[in-house]
Amino acid sequence: MTQLKVIPGGPLHGTARVAGDKSLSHRALMLGALSDGVSHVRGLLPGGDCLATLGCMRALGIEIEVRSDGFSRSEAAEAVTTSLDVTIHGRGLRGLQAPTAPLDCIRAGTAMRLLTGILAGQPFDSILTGDPQLLRRPMRRVVEPLRAMGADITDTDGRAPLTIHGRTLHGGEHRLAVASAQVKSAILLAGLFADGPVTVHQPGPSRDHTERMLKAQIANRKLADQRISGSAGLPTTHPALIVDGLTVTLNSSAIDHLHPLNMTIPGDISSAAFPLVAAVLVPGSEITLTGVNVNPTRTGLLDVLAAMGAEIVWVNEGEQGGEPVADLVVRSARLRGTEIGGDTVVRMIDEFPILAVAATQAEGRTVVRDAAELRVKETDRVAVVVEELRKLGATIEPLPDGFIIEGPTPLHGAAVDSHGDHRLGMALAVAGLAAEGETVIGHAECIADSFPGFVDVMAQLGGGFHHGDTENTKF
Ligand code: S3P
């Protein structure tokens with residue numbers, strides 16, 4: 001086990017770049033593989049989750065060349081790779097090869113769910129598996145809609161390992177019970193291999209990275225091939241991807257092939273969230289986080305922190321890799337409690353551990369509802385956030401679909417544990433900066449699942465971070 005020791009220091013200052021967007025990195029590896037030609041992807045996240053996807057794509061016959069582009073240096077003087085430039089030799093929509101062994105998604109839920117969609121429509125069989133933590137997570141949410149498309153998937157009591165007997169899939173309509181980008185994406189990716197259009201109706205907005213990337217990649221079938229007679233006898237074309245509010249339709253018959261990608265992945269707002277909240281909480285801080293993906297389906301935390309009284313200014317707004325980006329300038333502020341529910345929850349679904357830390361320092365009560373999904377993330381994030389923040393002195397009560405936090409509470413340093421959940425590990429590290437005394441986070445190595453270089457970024461900004469031992473400091 002690797003421990004991370006946090007000793008509160010002075011204010012945070014300076015400029016930093018956080019690791020690349022995890023959601024985009026997974027999708028770039030998968031959609032680059034399915035494209036016709038060579039994709040160049042810069043700034044790919046070398047986090048454990050995305051390396052799992054990289055390994056799976058290679059096992060499916062895709063050649064991927066990797067060059068480390070960004071390094072930071074941990075206290076143990078060991079280089080931590082923070083960014084990869086990859087060249088993906090795409091083999092087209094029909095080019096994946098049968099794997100010779102089960103595909104290991106390690107702890108990556110996104111890898112497993114999106115790959116299930118792709119593999120269901122292949123002309124070969126495959127098995128998806130992973131670490132015990134991933135084997136506990138619900139997979140029915142993707143398996144059931146895929147079965148409705150004709151997929152032949154054997155699950156293990158609603159969970160992985162999944163045995164997939166690839167076959168031709170059929171189009172159809174799907175009404176999702178939960179707003180989930182992973183489920184939506186699995187269905188759309190399966191739709192690439194279906195013999196008719198697939199339509200997904202979402203109950204609320206979820207991250208739209210798959211739609212954006214596909215839109216940039218789709219090469220339409222030649223007009224002549226897709227002419228149909230309109231009522232006036234005029235030729236009409238089938239659009240390949242239609243986004244209409246919360247409804248997304250993918251029509252594979254209008255797709256000739258996918259163009260390769262040439263993109264730079266922006267910074268992950270879900271990683272930026274940790275230094276950002278640290279700067280809000282530690283008095284006298286002012287930091288700038290550059291090149292952060294500010295896709296509106298991901299910025300719920302920024303809206304909530306602003307409502308709580310934080311001052312976050314967007315500068316240098318632009319576009320990168322088909323996504324809106326900005327530099328975020330953050331200053332320390334006094335926060336007040338707030339209520340979070342409804343559509344905002346999905347727009348910040350990965351940010352609740354760190355939001356909970358912010359709420360412990362806010363004046364008054366913060367209530368989170370409509371977030372039952374937190375219970376089926378890497379851990380039961382309601383239970384583990386409550387358990388660990390209480391050790392630091394927080395006043396927090398669980399709800400079936402969220403939690404209630406009373407603040408402000410002075411936190412005191414303690415021995416806490418990540419439970420193998422990267423976002424809990426980082427949230428506890430930030431809590432340690434706002435606490436009195438030393439905090440030691442157990443099982444901190446999991447931080448590298450999504451944010452290799454986290455400790456270096458925090459140390460660069462002035463946070464009092466130290467590795468508890470010298471082994472395995474890849475975070
Ligand atoms: C993700 C979607 C979200 C999120 C996960 C990444 C994605 O999951 O929690 O970290 O890349 O599509 P759900 O779609 O299950 O909410």
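One-based numbering, in listed order, for ligands and for the atoms of each. Just so we're clear, the structure is a prediction, and the values are computed from it rather than from any experiment. Starting from 1, each residue takes its place in the sequence as its number.
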Is a salt bridge present between Lys391 and Glu388, judged by a nitrogen-to-oxygen distance below 4.0 Å?
yes
Run the salt-bridge test on Asp268 and Lys22 with the 4.0 Å N-O cut-off and return the result as yes or no.
no
Applying a heavy-atom distance cut-off of 4.0 Å, which protein residues contact ligand 1?
Ser23, Arg27, Thr110, Ser180, Ala181, Gln182, Arg207, Ile349, Asp350, Lys377
So, Arg375 and Asp380, do they make that salt bridge, N to O below 4.0 Å?
yes
Salt bridge flag under 4.0 Å for residues Asp350 and Arg207
yes
His422 versus Ser450, side-chain donor and acceptor atoms under 3.5 Å
yes
Salt-bridge contact Glu378-Arg136 (side-chain N to carboxylate O under 4.0 Å):
no
